[in-house]
Amino acid sequence: MFPILEKQDLTPVIHLWKIRAPRVARKANAGQFIILRHGEEGERIPLTIADWDREAGTVTVVFMEVGATTEKLAALKAGDAIDDFVGPLGKPTEIDRYGDVVCVAGGFAIATIVPIARELKAAGNRVVSIMGFRSKDLVFWEDKLGEFSDDLIVATDDGSYGRKGLVTEPLKEILETQKVDRVIAIGPTVMMKFASLTSKPFGVPTVVSLNPIMVDGTGMCGACRVEVGGETRLACVDGPDFDGHTVDWDLLLSRQRAYVDPETVSVARLHQCEGGCQNG
Amino acid sequence: MAKKEIDLNRVPVAKQDPEVRARNFEEVSLGYRWDEAVKEASRCLQCPKPVCKDGCPVNVLIPEFIKALQEGDMDKAVRALKDKNSLPSVCGRVCPQEEQCEVACVLARKGAPVAIGRLERYVADWALNYSREDDSVPSDVSPSGRRVAVVGAGPAGLTCAADLAKMGHEVTLFEGLHTAGGVLKYGIPEFRLPKRIVQAEVDYVTSLGVTIELDNVVGRTETVDDLFEEGFDAVFLAPGAGAPMFLNIPGENLNNVYSANEFLTRVNLMKAYRFPEYDTPIRSGSRVAVVGGGNVAMDASRCALRLGAEKVYIIYRRSEHEMPAREEERENAKEEGVIFKILTNPRRFIGDEQANVRAVECYEMELGEPDASGRRRPIAKPDTAFELEIDTAIIALGTRPNPVIPTTTPGLELTREGTIATDFKTGRTSRTGVWCGGDMATGAATVISAMGAGKRAAADIDAYLRAL
Ligand SMILES: Cc1cc2nc3c(=O)[nH]c(=O)nc-3n(C[C@H](O)[C@H](O)[C@H](O)COP(=O)(O)OP(=O)(O)OC[C@H]3O[C@@H](n4cnc5c(N)ncnc54)[C@H](O)[C@@H]3O)c2cc1C
Ligand SMILES: Cc1cc2nc3c(=O)[nH]c(=O)nc-3n(C[C@H](O)[C@H](O)[C@H](O)COP(=O)(O)OP(=O)(O)OC[C@H]3O[C@@H](n4cnc5c(N)ncnc54)[C@H](O)[C@@H]3O)c2cc1C
Ligand code: SF4
Ligand code: SF4
Ligand code: FES
């Protein structure tokens, strides 16, 4: 069992857990993920490692409620424990002294990019960060990302906070006006796709963190197949980081939708049970 | 004693009716009743030179356990059976007996070998239900003070761990998944091997004092070097050969094209057949193509039927004669309605607007000269392309060793196939203190051969530890 030591609601639908998992903490690096499962009927889902403390033996994850599993997890509190928490999985994000790096993140992935920005900064890069949200009430960790950024731009789709518009606009401006040696984009697949399309004409290497559907997370099932540079790769062992300019985005987007129909059944069932069904 | 009369009537075993069982996940074979088991046991001639034993990779004391069964001494039968086989309920069900113990039985020449597998299952299941005997660690074994890490809780790892614990060593079994059992849990379906039986065998191993640490992917969570640093004196690697192979043809990444591993893992490990009660979904449609001809293809096709498919095709490029699947499983699949499309090879998968697979284009094959494997090489027949309408495809071509451990463990020599180079007699690898066994050493094989490797390695590890 893996105890939840701390729970924070970063926004009404984005939650943070600090979990006691000493073995995972000892090996964790920026860009890696864990797979967790809770309850006999539970599904295995991947979440990126947002932070870790090797001495305290803790790992932090941040997740957004998007479906039945994440909604159920959101109901757990500090003091509860989850059944399975395995990792760190995947390859760490490559960190080097690139020069000028732009970090682009959207939604829950702000939590994912913070440790990457921190490592990049520590390696001697100049880091410019762009964070995007749908609206003001979803903004979180502006201060945390700011701590590791030489410059920070916040954008909201509806203009309720920071700049109005998508993250690709400030990204384009920066690429047009400044020297950029690398772009790292993490967030919803559509955002990563357009960030990659934006940087491509500038020829700036762009790293994205892909999130296809996974089951085992160790290279056993092949569920997480993605196509990069015309080749089939397994995101859980060959990634999750890949070259954004050669990812087949449409394939990824369609594979992510593979279970939309059954998932609506799950959510409907969950909500029906909230109406008072006994055994779940 | 008068020479025993030879009875060539194998006692048949009851099975669920094909039409009924093709729609449920209950066990297909119902196993012998008491009287049937005794009757079948009485056919054994108790040969002075029991050749059957040589056919079994772990040399189960076959005539001994059958004799005890003939005499109705069940405790004795259980003891004899478990002497060499720590997972008899599993082996009695899934061993390819027709190629091992039963083909060696003297009565096989007359076409009616003793049904050793079914008798083994009977005795082992009796033990699970009624045995009062304590077969835990013998009390005269004193702790050796040595610690062994076993990696992977499949049949090889479980067997090795059990034997080492009985020899007095402190054993920790590291498993990457959230449950122990390996392919027995995630691959072989419930209707062939009920999971409660696998769990009972796992519980037996923990009852011997073995600690099982789940959710620990060695190579990621901890490396082999970390294990030595933590004070383990020896490491046995048994991570199986779990990486799926694909056809590498166009359209293979469309939605609803699964590897057999993913399909079976969703169904067996995650219990997707009970969705939405269980959270993991599966998309198994009404027209399913399974590519391959081994046990895995049979299991996947039969799962697809049980998930409600109207038509399930097995697409195999050679003839049925070359199929590696057990005959019994081929028969079961056919009885249940699986359609065999032999001498057929897929060329590409075709998708609809949503990128879901809607057809597979195949072409016909014929057999040419024998290839390196001794089987006749399939050759494409020109101008035979045709489309088969499907909504789900399952690629069951076999598996390769997963590179996670080999690439994170310095000093391990590998073979060209990516398996860890291993001395099969002892399980030793090129690195001192590290042993290997099961599918990771041999490539995909059988449950009983993995167990045999676990046993041999345990004996060698024991000798090594005692000499330290
Ligand atoms: C490497 C990786 C890292 C991730 N990191 C985070 C993170 O830090 N925070 C976060 O909020 N989310 C993260 N995700 C996504 C997260 O795993 C999904 O949101 C979650 O599985 C949704 O489950 P659900 O049942 O609540 O929703 P569902 O209704 O099942 O699905 C909602 C969406 O999530 C995706 N999804 C569903 N099941 C899986 C699965 N088993 N594996 C991957 N995606 C799935 C589907 O594409 C679907 O579009 C990550 C995914 C991957 C692959
Ligand atoms: C669908 C299917 C049907 C089959 N049917 C039959 C049959 O009828 N009869 C028969 O005899 N054989 C059958 N086989 C083959 C048989 O199951 C295998 O040969 C046998 O299970 C191999 O045992 P093993 O212990 O080497 O590995 P596995 O059973 O593969 O177990 C390996 C274990 O190690 C774990 N692991 C892997 N990597 C790591 C890591 N890095 N760290 C920690 N743990 C790890 C895995 O999660 C797994 O639990 C079948 C196989 C499949 C896939
Ligand atoms: S373990 Fe398998 S091969 Fe050996 S006797 Fe039993 S069924 Fe036959
Ligand atoms: S060879 Fe056949 S008949 Fe002889 S002892 Fe073995 S099982 Fe019995
Ligand atoms: S999640 Fe199973 S292979 Fe990647």
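Lettering of chains follows the sequences in order, A, B, ..., and the numbering in each one begins at 1.
Heavy-atom minimum distance, A/Y259 versus B/P281: CD2-CG, 3.5 Å. The shortest non-hydrogen separation linking A/G219 to B/P244 is O-CD, 3.5 Å. Considering every non-hydrogen atom in both A/C221 and B/S259, the closest pair reads O-OG, 2.5 Å.
The contact between A/R37 and chain B is made entirely by side chain atoms (from C-beta outward), counting heavy-atom distances below 4.5 Å. When heavy atoms are compared at a cutoff of 4.5 Å, B/D226 approaches chain A solely by way of its side chain, counted from C-beta outward. At a 4.5 Å heavy-atom cutoff, A/A68 makes no contact with chain B through either its backbone or its side chain. For A/L251, the part lying under 4.5 angstrom from a heavy atom of chain B is the side chain only. Of the atoms belonging to A/L252, not a single heavy atom falls under 4.5 Å from chain B. For A/D248, no part lies under 4.5 angstrom from a heavy atom of chain B. Looking at A/E227, only its side chain comes within 4.5 Å of chain B, counting heavy atoms on both sides. Of the two parts of B/I282, only the backbone, made up of N, CA, C and O, holds a non-hydrogen atom closer than 4.5 Å to a non-hydrogen atom of chain A. Contacts of B/L254 with chain A are made by backbone atoms alone, with heavy-atom separations under 4.5 Å and no side-chain atom involved. For chain A, no part of B/F263 is nearby; none of its heavy atoms comes within less than 4.5 Å. Interface remark: B/R400 contributes no atoms to any contact with chain A (heavy atom separation under 4.5 Å).
A distance of 6.5 Å separates OG1 in A/T218 from CG in B/L177, rounded to the nearest 0.5 Å. Going from atom CZ of A/F85 over to atom OG1 of B/T221 covers 10.5 Å, rounded to the nearest 0.5 Å. The NZ atom of A/K72 lies 3.0 Å from the CG atom of B/D279; values are rounded to the nearest 0.5 Å. Atom CG of B/N402 sits about 9.0 Å away from atom CG of A/L234, to the nearest 0.5 Å.
At least one side-chain heavy atom of B/T265 sits under 4.5 Å from a side-chain heavy atom of A/M220. Counting heavy atoms from C-beta on, the side chains of A/T232 and B/N253 come closer than 4.5 Å. Taking the side chain as every heavy atom from C-beta outward, B/E213 and A/R23 approach each other to under 4.5 Å. Using a 4.5 Å cut-off on side-chain heavy atoms (C-beta onward), B/D215 and A/F2 make contact. Residues A/V237 and B/R220 are in side-chain contact: their nearest non-hydrogen atoms beyond the backbone lie under 4.5 Å apart. In this structure, the side chains of A/K27 and B/T223 come closer than 4.5 Å at one or more pairs of heavy atoms. In this structure, the side chains of A/R44 and B/T280 stay at 4.5 Å or more apart for every pair of heavy atoms.
In summary, the side chains of B/Y278 and A/E40 do present a donor paired with an acceptor at a separation below 3.5 Å, with no hydrogens or angles considered.
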Exercise for the section: Please test B/R266 against A/V215 for side chain to side chain contact (heavy atoms under 4.5 Å, CB included), starting from the C-alpha separation and ending with a verdict. Expected result: CA-CA 8 Å; B/R266 284 182 181 269; A/V215 184; 3.6 Å; yes

**Asked** Given the rule in the side chain to side chain contact (heavy atoms under 4.5 Å, CB included) test, do B/H178 and A/D216 qualify, once you have shown the distances and angles that lead to the verdict?
**Response** CA-CA 10 Å; B/H178 58 265; A/D216 63 302; over 6 Å; no

- Item | Verdict with reasoning, B/E252 to A/R255, per salt bridge (charged side-chain N to carboxylate O under 4.0 Å, His left out) | CA-CA 12 Å; B/E252 205 167 15; A/R255 285 187 66 82; over 6 Å; no

Discussion item. Using side chain to side chain contact (heavy atoms under 4.5 Å, CB included), reason through A/V86 and B/V217 one step at a time and then give a plain yes or no.
Written reply: CA-CA 7 Å; A/V86 56; B/V217 180; 3.6 Å; yes

Walk me through whether A/R26 and B/E222 qualify under side chain to side chain contact (heavy atoms under 4.5 Å, CB included). CA-CA 9 Å; A/R26 207 173 59 181; B/E222 287 180 287; 3.7 Å; yes

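Within a 6.0 Å sphere centred on CD of B/E230, other residues, nucleotides and ligands contribute more than 12 heavy atoms.
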